[in-house]
Amino acid sequence: MTERLTQAGADESVRHPWRDPSSPVSDRVADLLSRMTLEEKIGQLGSYWAAPLRPGGPVLPVPEWATDPLPPQLAEAATAGLGQLTRVYGTEPVLPAAGLERLRLLQRTVVAANRFRIPALVHEECLTGLLSWTATVFPTPLAWGASFDPGLVEEMAAAIGGSLRRLGVHLGLAPVLDVTRDYRWGCTEETIGDDPHLVATLGAAYVRGLEGAGVVATVKHFAGYSASAGGRNMAPVACGPREFTDVILEPFVAGLRDGGARAVMVSQADVDGVPTTADRHLLTDVLRGELGFTGLVLADYFAVWNLKNKHGVVDSRGEAAAVALRAGIDMELPTVHCFGQPLIEQVRRGLVSEEQVDRAASRVLALKCELGLLDGDAWEGELAALPAPGPGDLDPPEHRALARQLAEESVVLLANDGTLPLSGGHLALTGPLADDPLAMLGCYAFANHNSLDHLEEMASRVGLEPGVEIPALPAALAAELPDAKIRVCATGRVDALEDADIAAAVAAARDADVCVLTLGDRAGLFGLGTSGEGCDAQTLALPGRQAELAQAVLDTGTPTVVVLISGRPYALGDVAGRAAAVVQAFFPGEEGASAIAGVLSGRVEPSGRLPVSMPGHAGAALGSYLHPPLAGATEVSAADPTPLYAFGHGLTWTTFGYEDLALDADVIPTDGTVRISATVRNEGQRAGTEVVQLYLSDPVASVVRPVRWLAGWARVRLEPGCAARVEFTVHADRVSFTGQDLRRRVEPGLIHVEVGRSSVDLPLRGSFVLDGPDRVVGLDRVLTVPVRVTVS
């Protein structure tokens with residue numbers, strides 16, 4: 001029987017409890033499900049990529065099979081209802097006002113097509129800001145890690161969430177909570193770093209910012225994506241259960257529990273032969289059971305179809321849908337390949353139970369209910385009430401100021417012989433990134449993500465200059481050093497330098513007092529860059545002939561400042577030792593040039609610290625400081641993985657001294673707390689910010705433990721001669737680990753404490769003892785280490 005729906009009123013709410021906003025969400029969802037046909041329930045599990053704007057035009061640089069078969073028109077696709085609309089703003093360059101009007105049209109089409117008049121959820125990418133043509137491009141996540149500033153990351157996420165809300169977007173596909181395991185992986189730039197506590201803390205801060213703005217945060221990629229073999233995108237993962245639990249899963253625990261994320265996106269890889277999209281143990285037993293997640297589980301783009309197309313664990317679209325649904329996938333993205341007619345046929349044939357469909361549909365409908373999408377036509381009023389944004393409204397001054405602050409905090413001064421700060425004179429600015437504003441952006445900036453040959457033509461078609469204003473380094477450096485004479489000699493691409501490029505750079509350097517040499521990456525997708533999704537590296541040598549360029553410039557004898565702008569750490573070899581200074585910026589966003597120039601001039605106090613290690617040689621692919629003793633330098637192996645610059649390293653314009661380590665107890669229970677404090681003092685002549693780092697280690701345990709791990713940190717800014725007392729409150733849960741029985745536990749015994757400037761520069765050392773029974777801990781364990789700073 002067909003149910004005719006009209007605008008909700010008091011009587012209507014009695015007849016149809018699902019439309020009554022005063023009823024509990026669970027009651028509304030149960031009532032609505034009871035009225036839906038199988039086709040309507042499955043309709044809520046699908047999505048539709050309403051693109052491109054131009055019929056027949058390309059969507060993104062995706063494989064041809066990704067859009068085969070071609071989807072029907074939206075009105076036809078939504079007759080049974082629709083779960084999500086994919087990237088209305090982020091697929092082609094579109095003015096915000098035009099995108100908002102198009103979204104209104106799309107939602108009206110969806111509502112008119114289905115008998116319950118339920119609109120779709122809308123999602124967009126937002127890893128470095130809203131991935132839209134005119135939106136602010138913030139620094140990439142690896143730069144968040146370098147800032148060690150969760151408060152600023154949360155503020156940035158709130159700003160991004162505000163932009164999403166004003167455009168009618170419900171879900172943001174961020175943050176990435178993958179812990180970096182192999183720097184050759186192209187997606188390294190999308191990660192926050194290679195320490196799970198750093199990733200967890202900053203990732204949860206991003207989640208809180210986005211969710212606090214009323215936008216659903218989608219943590220990804222659950223789980224193991226970053227541990228792919230050889231650092232290759234979507235390659236198989238061979239990861240033991242302790243590494244998987246203690247390193248890979250920890251940020252997700254924080255993102256869900258402390259951040260409050262309401263959506264999870266699943267990894268594309270297989271772990272020990274089981275594709276995550278088909279892994280019921282991981283998605284149901286662990287995610288739903290152990291971690292207590294009640295929100296929405298999304299398949300990554302094309303991941304359900306990839307169970308057949310790439311993994312070969314099923315032989316049809318219908319079987320792929322059945323396997324994914326049984327595992328715990330609630331929705332298929334970005335458009336329907338399997339969670340449509342193929343899934344309906346599986347249920348009709350008795351191969352999938354309708355109860356499993358109900359389970360997924362109820363989660364989708366519950367989120368729609370929370371977001372007000374089941375409240376009659378209220379959605380239309382909300383969309384209509386959104387003011388039409390102007391061309392610059394998605395990149396307002398306050399967002400640019402946030403982008404600038406985060407970029408400045410993320411630049412890392414790795415080495416300096418006194419050449420920096422620059423003061424003037426004759427400067428040569430050269431290298432492949434010397435005058436390329438897009439070099440500041442990661443692969444999730446619109447201009448790099450949508451790196452199609454016809455991008456400029458598309459921009460002119462909608463009447464736009466390229467996106468947002470992105471200053472290049474020459475203008476930024478000239479603004480910082482107005483009295484300097486700057487010769488700009490931009491060479492060829494990072495991966496395609498010619499002999500003439502090297503000769504020109506050498507000539508420019510030879511005639512200068514100081515040379516600023518830019519090296520690094522150009523972000524793109526699937527081989528269209530040297531960093532970014534699908535742009536995996538064979539080694540950690542600088543791409544192309546950049547090392548040769550650097551050596552040639554250094555051979556001139558001109559003091560040379562090497563500026564690395566990249567999406568991963570690179571092995572510099574003896575370039576670092578010969579350079580006058582080395583500066584690292586991890587794709588610092590639209591204000592990145594100003595931030596780098598500010599550090600070079602001395603206006604900016606460098607306060608960034610490495611969220612990864614800089615490898616000592618190009619073959620040191622697995623360079624994380626978070627390793628057990630035998631993974632470091634030993635007498636039993638000739639291969640030395642010692643990094644050139646260690647995790648947590650970074651210099652400032654001043655020097656800091658450490659003293660007076662104190663613990664308020666020598667012995668604490670295995671469920672107790674210890675307060676660890678130390679004094680840090682600015683011993684130089686300039687103000688500066690120190691990142692005071694606390695590390696713990698467990699010298700004797702029932703399983704092999706890392707040499708040390710980061711337990712907490714504090715950003716402390718001090719004037720010359722001033723000191724601060726930094727106090728960390730450490731609960732015994734922060735030394736817990738997965739034991740031989742695969743349960744997380746706190747074991748009694750000695751714990752070493754180290755405080756200092758980086759993971760290898762730790763002047764203060766102490767210890768305490770955990771006394772008491774071996775204690776098993778659960779999801780309610782303490783994840784954070786509160787810190788208090790008292791400046792004297």
Side-chain angles (χ1 to χ4, degrees), residues 143 145-149 151-152 404-424 477 480-481 514 516 559 561-564 576-577 579-585 588 594-611 614 644-661 677-695 710 712-728 754-764 787-792:
S147 78
F148 279 74
D149 193 339
L152 189 56
R404 185 180 309 113
Q405 183 181 354
L406 184 53
E408 290 178 352
E409 289 191 7
S410 70
V411 176
V412 186
L413 179 60
L414 295 175
N416 184 25
D417 67 359
T419 299
L420 294 181
L422 300 175
S423 57
L477 197 56
E480 292 286 346
L481 300 169
V514 176
V516 176
V561 178
V562 173
V563 176
L564 290 165
V582 182
V583 175
Q584 171 71 64
S594 300
I596 294 170
V599 169
L600 297 180
S601 72
R603 174 184 59 81
V604 174
E605 300 168 5
S607 63
R609 300 294 185 269
L610 285 176
M614 297 287 286
L644 179 63
Y645 301 112
F647 175 91
H649 170 74
L651 305 178
T652 69
W653 302 135
T654 186
T655 57
F656 294 91
Y658 285 78
E659 58 193 18
D660 298 335
L661 177 69
S677 58
T679 295
V680 59
R681 187 180 307 279
N682 185 343
E683 298 176 337
Q685 302 302 310
R686 292 190 57 171
T689 298
E690 177 72 317
V691 180
V692 179
Q693 300 165 45
L694 168 68
Y695 292 85
L710 180 69
W713 70 86
R715 286 179 58 93
V716 181
R717 187 178 187 277
L718 293 171
E719 295 293 331
C722 291
R725 190 71 179 168
V726 182
E727 180 182 271
F728 300 95
E754 299 171 294
V755 177
R757 307 174 185 88
S758 77
S759 59
V760 298
D761 188 355
L762 298 162
L764 301 182
V787 60
R788 184 175 66 178
V789 178
T790 306
V791 178
S792 58

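Fair warning: this is a prediction, and the values are worked out from it, not measured in the lab.
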**Message:** Working to the nearest 0.5 angstrom, can you tell me the gap between Gln693 CD and Tyr658 OH?
**Reply:** 7.0 Å
**Item:** Minimum heavy-atom distance Gly684-Pro720, with the two atoms named
**Value:** O-CB, 3.5 Å
**Request:** Would you name the heavy atoms of Thr654 and Gly688 that are closest together and state the gap between them?
**Result:** CG2-CA, 4.1 Å
**Message:** I'd like to know if the side chain of Trp713 reaches the main chain of Asp149, judged simply by a donor and an acceptor atom lying under 3.5 Å from each other, with no hydrogens or angles considered.
**Reply:** no
**Fill in**
With sequence neighbours left out, the residues meeting salt bridge (charged side-chain N to carboxylate O under 4.0 Å, His left out) with Arg725 are none
**Message:** I'd like to know if the side chain of Ser758 and the backbone of His649 have a donor-acceptor N/O pair within less than 3.5 Å.
**Reply:** no
**Item:** Closest non-hydrogen atom pair between Pro606 and Trp653, with its separation
**Value:** CD-NE1, 3.1 Å
**Prompt:** Once you round to the nearest 0.5 Å, how far does CD of Glu683 lie from SG of Cys722?
**Reply:** 12.5 Å
**Request:** Please examine the side chains of Thr689 and Phe148, heavy atoms only from C-beta on, and report whether any two atoms are closer than 4.5 Å.
**Result:** no
**Prompt:** Should Leu610 and Leu414 count as side-chain neighbours, where that means a heavy-atom distance under 4.5 Å?
**Reply:** yes
**Asked** Rounded to the nearest 0.5 Å, how far does CG of Leu152 lie from CD of Glu409?
**Response** 5.0 Å
**Asked** Backbone N or O of Phe647 within a donor-acceptor pair of the Ser759 side chain at under 3.5 Å?
**Response** yes
**Prompt:** Is there side-chain contact between Phe656 and Val716, with at least one heavy-atom pair below 4.5 Å?
**Reply:** no
**Item:** Residues Ser607, Arg715; criterion side chain to side chain donor-acceptor pair (under 3.5 Å); working and verdict
**Value:** CA-CA 9 Å; Ser607 63; Arg715 286 179 58 93; 3.0 Å; yes
**Item:** Heavy-atom pair with the smallest gap, counting every atom of Pro559 and Thr419
**Value:** CB-OG1, 4.4 Å
**Asked** Which one of Asn416, Val599, Leu600 satisfies the side chain to side chain contact (heavy atoms under 4.5 Å, CB included) criterion with Val561?
**Response** Leu600
**Request:** Carefully, step by step, assess Val787 and Leu694 under the rule side-chain contact (heavy atoms from CB on, under 4.5 Å).
**Result:** CA-CA 10 Å; Val787 60; Leu694 168 68; over 6 Å; no
**Message:** Suppose we screen for salt bridge (charged side-chain N to carboxylate O under 4.0 Å, His left out). Which residues come up paired with Glu719, at least two apart in sequence or across chains?
**Reply:** Arg717
**Request:** Using the test salt bridge (charged side-chain N to carboxylate O under 4.0 Å, His left out), find all partners of Glu480 that sit at least two apart in sequence or belong to another chain.
**Result:** Arg603
**Request:** Determine whether Leu422 and Val516 make a side-chain contact, defined as any pair of heavy atoms from C-beta on separated by less than 4.5 Å.
**Result:** yes
**Message:** Between Glu690 and Leu718, is there a side-chain heavy-atom distance shorter than 4.5 Å?
**Reply:** no
**Request:** Before giving the answer on side-chain contact (heavy atoms from CB on, under 4.5 Å), spell out for Val412 and Tyr645 the whole-Å C-alpha distance, their side-chain angles and the decisive distance to 0.1 Å.
**Result:** CA-CA 11 Å; Val412 186; Tyr645 301 112; over 6 Å; no
**Request:** Could you tell me which non-hydrogen atom of Ala146 sits nearest to which non-hydrogen atom of Ser410, and how far apart they are?
**Result:** CB-O, 3.4 Å
**Prompt:** What are the two closest non-hydrogen atoms of Ala595 and Val604, and how far apart are they?
**Reply:** O-CG2, 4.4 Å
**Item:** Rounded distance (nearest 0.5 Å) linking atom OG of Ser594 with atom CD of Glu408
**Value:** 8.0 Å
**Request:** Please round to the nearest 0.5 Å and tell me the distance separating atom OG1 of Thr655 and atom CG of Asn682.
**Result:** 6.5 Å
**Prompt:** Is any side-chain heavy atom of Leu481 closer than 4.5 Å to a side-chain heavy atom of Ser601?
**Reply:** yes
**Asked** What distance separates Thr790 OG1 from Glu727 CD, expressed to the nearest 0.5 Å?
**Response** 7.5 Å
**Message:** What I'd like to find out is whether the side chain of Val726 reaches to under 4.5 Å of the side chain of Val755, using heavy atoms alone.
**Reply:** no
